[in-house]
J.: 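Let me give you the structure first, and then I'll get to my questions.
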Amino acid sequence: MKRFRRHGHESQRDRLKQELFQFNKTVEHGFPHQPSALGYSPSLQLLAIGTRSGAVKLYGAPSVEFMGLHEENAAVTQVHFLPHQAALVTLLDDNSLHMWTLRGHSGQSELLEIGRFTLTGPPGALPCVTRVTAVLPHSSGELLLLGTEGGHVFVVEVPGFRELEERNISLDQVSNSVPQDYVGRRNLEHVETLQENPLNPTQVVIGYGRGLMVLWDLDRQSAVQHIPATQQLESIWWTEDGSCILSSHSDGSYCRWTVGGDDGEEEEKPDVPYGHFPCKAISKIVQLPTKDGPPFLFFSGGMPRASYGDRHCITVIHGKTHVALDFTSRIIDFFVIRHGPHHTGDPSALVVLVEEELVVMDLQTDGWPVIETPYLVPLHSSAITCSHHVSTIPLKLWERILAAGALQSSHYSLEPWPIMGGKNLAPDPPHRDLLLTGHEDGTVRFWDASGVCLCPVYKLSTAAVFQTDTDPNDNMNTGAEGEWPPFRKVGCFDPYSDDPRLGIQKIHLCKYSGYLTVAGTAGQILVLELNDEAAEQTVEAKVVDLLQGQEGFRWKGHARLDVREQPVRFPPGFQPFTLVQCQPPAVVTALTLHSEWKLVAFGTSHGFGLYDYQQKSNVLIRCTLNPSDQLAMEGPLSRVKSIKKSLRQSFRRIRRSRVSLRKHHVNNAAKLQEANARLEAELAEMELAPVQRKIEARSSDDSFTGLVRTLYFAETFLSDSSHTTASLWAGTNGGCVFAYMLRLPPVEHRADEPITAQPAKEIQLMHRAPVVGVVVLDGHGAPLPDPLEVAHDLARSPDMTGSHHVLVVSEEQFKVFTLPKVSAKMKLKLTAVDGSRVRRAGVAWFGSSRSEDYSESGMLVLTNQGDVHVVSLPHVKMQVQYPCIRREDVSGIASCVFTKHGQGFYLISPSEFERFSLSTRYLVEPCCLVEAPSPPGSAPQPGSPSGRSSSGHTKITDGEDAEVLQEIQKSLEGDQMSFLENHVKPAAV
Amino acid sequence: MSRQPQRTPVRTGETVVEVKSKFEAEYRRIALKRNGPGGFQEFYRLLQTIHHIHGLDVLLGYADIHGDLLPINNDDNFHKAISSANPLLRIIITKKGDEPEVFHTNSLQRRKKGLGLTGLRSTGSALAHSKHQSGLLIGPPRDFRQISSIIDVDILPETHRRVRLHKHGTHKPLGFYIRDGVSVRVTPQGVEKVPGVFISRLVRGGLAESTGLLALNDEILEVNGIDVAGKSLDQVTDMMVANSHNLIVTVKPANQRNNVVLRGSKTSVGNSGSVGSVGSTGSALSHDSPSPASQSNPITASSSIAEGDSDDEDDDGDLILENDCLVPYNPHPGPHRTQGSGESPCSDPHTSAGARPLPQSISLPSSISATLNHLGTPSHASRGSQENMKEDGNIITL
């Protein structure tokens with residue numbers, strides 16, 4: 001009977017779990033890692049970015065975004081929207097073409113892959129014959145022209161990918177009519193580019209790598225005109241009036257050719273814009289007319305090879321204005337947005353995708369200022385070193401931070417964001433959340449993390465407090481007068497840090513008082529206050545000796561940062577007023593702030609301290625260093641770390657070399673080489689990675705046992721069970737917890753009476769695993785609220801009548817101890833059972849999806865295996881477990897940060913945060929609608945999604961069937977895969 | 001750290017060792033010169049004389065620093081006993097053949113912390129009476145501290161071996177390394193290759209090597225009862241480290257010729273698992289390792305691999321200092337001995353080093369026993385956990 005009842009209880013709990021927890025990866029914030037292709041649909045006003053990892057991402061208006069992932073793990077080399085359709089074609093590195101469409105589904109659009117296709121040549125043909133190098137979606141929306149490495153142009157019907165063999169333009173057809181005197185007629189090389197005549201859809205120009213351009217009439221299947229350029233061709237632009245063709249070449253020149261003239265007509269003299277000395281290739285050229293005035297000319301590259309060959313430039317020429325926009329990373333592609341209902345008016349904005357960011361220039365305002373991007377912001381403009389999330393920011397503070405941030409973005413254009421496709425249907429975010437990221441260059445960036453769009457709000461720089469080698473006034477932006485080429489630096493990606501010691505390691509923001517504390521690599525702790533006015537002040541430094549007279553240590557790491565002695569003018573925003581510098585200046589490993597008590601606690605690998613920032617005095621210093629631990633004195637440049645670093649670097653190098661092998665034209669030899677490289681990399685991995693692991697119990701003599709991992713303030717029963725006292729808790733790497741009783745003077749004497757701290761408890765966990773979290777649970781078993789939370793009526797006041805407990809989270813187990821007399825009460829073992837260790841732990845509230853009033857708190861845990869768990873409080877029972885991050889992704893796991901409402905963020909690349917949620921109630925995910933545009937002629941749309949009846953899912957299965965058939969076919973016919981494929985494929989869609 | 005000074009024979013200034021010798025219910029106190037105590041025979045005769053037991057064959061034992069009862073039967077261990085006296089040397093004399101089980105310091109030692117020396121004897125003797133009827137001792141050597149055992153022989157396939165390593169009380173490192181490898185499994189479908197974890201190296205002089213129960217290329221199948229299939233090398237490493245205080249690994253030995261072969265005798269009462277019980281239960285043990293550990297060990301056997309109990313064991317060794325303890329703290333206190341009746345939980349040199357009773361004398365909270373102790377034996381609850389408390393430099397300051 002008892003068992004039965006218990007079972008009933010359990011199933012009830014299971015039901016409740018389902019109502020409380022649910023795991024979703026919802027959205028990726030930031031800038032895609034390693035973008036490799038850019039596409040834009042003027043009619044949809046959507047931007048598409050393909051990446052080297054095979055992802056395709058679509059962006060429109062802020063919060064309108066879609067993401068698709070190709071099954072093949074190959075780089076996306078080209079993205080093309082089909083004209084006037086909500087569909088796009090991607091070309092991958094493995095020569096496969098993919099058709100994607102935005103399909104409406106229960107009121108919102110979703111990005112679906114609806115077909116895939118690999119070009120097949122005649123039987124026995126070399127693979128290069130069908131290796132696609134150029135793609136032209138024909139303006140009819142029904143045809144796709146595919147230029148190949150072999151020099152052929154294949155015509156394919158879309159969206160079904162049916163080859164129209166009779167319309168193919170073979171190399172033979174073309175070369176027969178090439179003028180006899182053309183030097184390169186024996187070998188025209190690959191099709192470099194295909195362009196359609198903007199006025200006459202039956203005409204296309206085929207640009208061959210050797211330089212020859214052929215105007216081809218699709219209907220008559222014959223050449224109209226030959227343009228015999230002799231330089232290696234890079235790109236072609238057909239001017240809007242159809243009268244001219246611009247070609248750009250690998251020698252840094254571009255030429256203008258008149259259309260309709262006779263074959264062999266002399267071109268205008270090639271123009272080498274940055275001439276005289278040898279120049280690099282102009283990889284893309286665009287010319288657009290303006291209604292009244294000279295046209296705009298845009299081209300990328302073309303820099304003098306010797307002097308500026310390493311610059312990444314796009315040149316914009318309009319009348320007399322000539323600017324070489326100088327980007328900080330490689331240019332992937334660019335396009336120009338035009339005014340007008342049909343996007344045929346004056347150029348309004350230049351959108352440039354470079355490897356590390358997206359830059360949009362306002363072409364209507366004088367000086368072409370940059371338009372601030374609402375999304376795709378490079379999180380990593382300086383490498384992210386830590387992050388901190390603050391939920392539910394009070395409106396007042398929110399507005400003040402926003403105001404401070406607005407002053408910082410005054411140099412941006414006032415024009416609105418030009419890409420506004422799609423409709424955002426997502427409900428307003430439930431609360432205002434801030435994500436704070438600390439960076440290597442000593443900045444802290446504030447991001448609005450409330451919704452789908454992670455927008456920059458405010459940027460705080462701590463470098464001004466310190467004396468660094470470089471002068472902040474030494475601005476790269478000012479190009480010398482009369483410099484040629486006329487460079488202008490654009491973009492904010494700047495990975496070079498002046499001084500690595502400035503790096504931010506820990507952040508804590510009190511959302512009620514506006515106090516912020518940040519701590520960095522060189523043991524510096526700053527306390528900052530939000531001030532709406534600019535202020536000039538000197539920040540006094542207080543040095544704290546954490547060694548406390550321990551003998552025999554010599555710090556081998558970096559020196560302390562020098563503090564600027566003269567007053568510094570701080571702009572409105574967070575302004576530092578207190579600086580504590582740890583001695584030895586080791587990286588700060590734990591930090592917390594209690595704004596009500598006006599105390600900040602900090603810890604390093606040597607000990608921890610408590611600082612009273614009102615009286616500006618030290619309250620407590622405690623050395624936790626193990627006397628035999630010499631490694632702790634090595635500093636961040638220790639051998640251990642440098643080995644790790646060099647390993648990482650060598651892996652990166654291998655990876656890079658692998659990627660670079662995937663060049664535009666890959667032949668068999670290159671493939672072989674690639675395979676070899678991969679094997680080599682694997683072998684290297686085998687050799688480098690230590691293949692064996694030592695099994696040894698932790699001992700007190702291990703290194704870094706004194707490293708302080710966590711600090712925590714609590715008002716609880718520390719000395720007796722009738723009175724609560726303020727307390728500070730610290731946990732170390734060696735499994736030790738220290739609790740100090742704090743005596744705070746009454747409020748009226750707060751400024752003059754000293755605060756004292758007395759040791760109250762010490763717990764040495766027997767298993768000696770690092771302590772990663774300490775939480776005090778109140779009489780109801782709920783975690784104590786944050787300081788000032790109750791005062792602001794934002795939290796239920798804790799139950800101070802019942803007995804409190806303290807939960808100590810180590811890497812290996814969760815353990816609840818009673819208070820005030822500390823004795824073990826409950827525990828949950830993690831490592832001993834499944835071998836995973838706790839990497840991150842945080843308290844979160846989970847609301848039931850079923851009933852509004854039911855909610856409970858739980859411990860959100862990320863393990864070193866990349867799994868997220870929820871552990872119930874106060875009973876420390878495992879509730880749910882979901883795989884979240886790949887366990888090999890060490891940096892992803894290290895970057896994870898939890899919110900108070902059961903969500904989390906982690907870096908999936910240096911520039912992107914993945915957002916996930918374990919909560920059923922709070923989900924932030926894109927929800928948007930894109931309507932297929934009506935074509936200008938409003939002719940019935942053959943390819944519109946509504947034209948096809950079956951649902952996406954069945955299509956995908958059809959696709960799979962097709963694959964199976966293909967597979968069979970392949971095995972039957974050996975390597976001529978062929979015919980059937982082409983016939984099966986269309987059937988699939 | 002503070003532990004070292006306790007263990008090392010200190011007080012060079014003192015030249016005299018206090019000896020307190022006990023035979024049955026009688027005590028004698030004598031003093032010996034630390035520098036020249038003479039030989040074992042001499043001492044043996046001396047004790048016979050002062051206890052008036054001439055002609056009686058007795059065994060001598062002494063309480064070492066950890067509260068273990070260790071034998072004195074030659075010059076070497078006699079000198080060891082003298083030199084480690086701190087400052088009192090407690091000698092316990094037993095009649096030969098009476099209670100051969102006396103000198104165990106096997107795995108139970110930790111569980112029976114509360115019982116101390118004599119407690120151990122009581123269980124040991126109970127068992128001994130039931131099993132060792134004859135005076136003839138056929139079995140493994142007894143004069144050693146148990147550091148390992150083979151357990152659960154009866155429930156495991158013959159090809160597997162479950163080894164328990166007792167890290168406790170030794171300064172020896174566990175001393176082995178593990179690696180990834182490929183394991184071959186025979187399935188009805190044929191031979192299947194699956195990833196596995198293997199022992200890649202044994203450190204010379206380490207615990208693992210010294211037991212002889214683990215060998216190079218043994219495949220690790222379980223760690224404290226949890227299957228490691230599908231777990232990464234790092235996970236297995238972490239599991240082993242987390243369990244390092246009481247590590248039970250189930251291996252498939254690379255060398256399958258030394259397996260335990262059960263003779264199939266159904267007479268084995270209870271659990272014939274422990275190697276030590278081999279002699280009495282009739283199961284033959286054909287393993288050539290110099291298993292010094294083999295002691296009859298009923299609790300180990302019955303507890304099998306139960307996670308719950310090993311759980312309790314290494315846990316709550318957490319050292320907790322309350323505020324009154326945090327003030328001046330003497331790391332080298334004079335030893336104090338409670339010399340109660342023979343069977344009472346008596347002092348343990350380890351604990352007494354703390355100078356004052358530490359506040360956390362947990363007799364397990366019932367909640368824990370309830371949740372975790374599903375297979376546990378009642379004796380668990382009775383132990384005091386103080387013994388495991390370890391002081392180290394981190395704590396003693398302030």
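All chains are named by letter (A, B, ...) in the order of the sequence lines, taking the proteins before the strands, and each is independently numbered beginning at 1.
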J.: State, yes or no, whether a side-chain contact exists between B:Val203 and A:Lys694 at a heavy-atom distance under 4.5 Å.
T.: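 In short, these two side chains do not touch, never coming nearer than 4.5 Å.
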J.: Could you list the residues that satisfy ring pair (Phe, Tyr, Trp, His ring centres under 6.0 Å) with B:Phe176, not counting sequence neighbours?
T.: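 Partners of B:Phe176 under the ring pair (Phe, Tyr, Trp, His ring centres under 6.0 Å) test: none.
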J.: Compare all side-chain heavy atoms of B:Asp238 with those of A:Glu812 and state whether any distance is below 4.5 angstrom.
T.: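 They are not in contact (no side-chain heavy atoms under 4.5 Å apart), so the answer is no.
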J.: Rounded to the nearest 0.5 Å, what separation is found between the CD atom of A:Gln865 and the NZ atom of B:Lys231?
T.: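 So the CD of A:Gln865 and the NZ of B:Lys231 are separated by 9.0 Å.
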J.: For the pair B:Asp234 and A:Arg887, find out whether any cationic side-chain nitrogen is under 4.0 Å from an anionic carboxylate oxygen.
T.: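 Salt bridge flag = no for A:Arg887 with B:Asp234.
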J.: Considering only heavy atoms and a distance below 4.5 Å, find which of A:Val737, A:Asn864, A:Leu765 pairs most often with chain B.
T.: A:Leu765
J.: Heavy-atom distance under 4.5 Å to chain B: side chain of A:Gln758, backbone, both or neither?
T.: neither
J.: Among B:Leu165, B:Val223, B:Leu174, which one satisfies side-chain contact (heavy atoms from CB on, under 4.5 Å) with A:Ile695?
T.: B:Leu174
J.: Taking the side chain from A:Glu696 and the backbone from B:Gly175, do they hold a donor-acceptor pair closer than 3.5 Å?
T.: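 Between the backbone of B:Gly175 and the side chain of A:Glu696 there is a qualifying donor-acceptor contact (under 3.5 Å).
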J.: Specify the closest pair of heavy atoms between A:Ala832 and B:Met239, including all atoms of both residues, with the distance to one decimal.
T.: O-CE, 4.0 Å
J.: To the nearest 0.5 Å, what is the distance between NE2 on B:His245 and CE on A:Met766?
T.: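 Rounded to the nearest 0.5 Å, the NE2-CE separation comes to 4.0 Å.
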J.: Tell me every residue that passes side chain to side chain contact (heavy atoms under 4.5 Å, CB included) with A:Ala590, counting only those two or more places apart in sequence or in another chain.
T.: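 Testing A:Ala590 for side chain to side chain contact (heavy atoms under 4.5 Å, CB included), a comparison that skips the adjacent residues, returns A:Val708, A:Leu711.
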J.: So B:Ile320 and A:Lys761, do their side chains get closer than 4.5 Å, heavy atoms only?
T.: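 When only atoms from C-beta onward are counted, B:Ile320 and A:Lys761 do not touch, as no gap falls below 4.5 Å.
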J.: Could you tell me if the side chain of A:Val833 sits less than 4.5 Å from the side chain of B:Ile226, heavy atoms only?
T.: yes
J.: Rounded to the nearest 0.5 Å, how far apart are NZ of A:Lys827 and CG of B:Asp318?
T.: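 Rounded to the nearest 0.5 Å, the NZ-CG separation comes to 8.0 Å.
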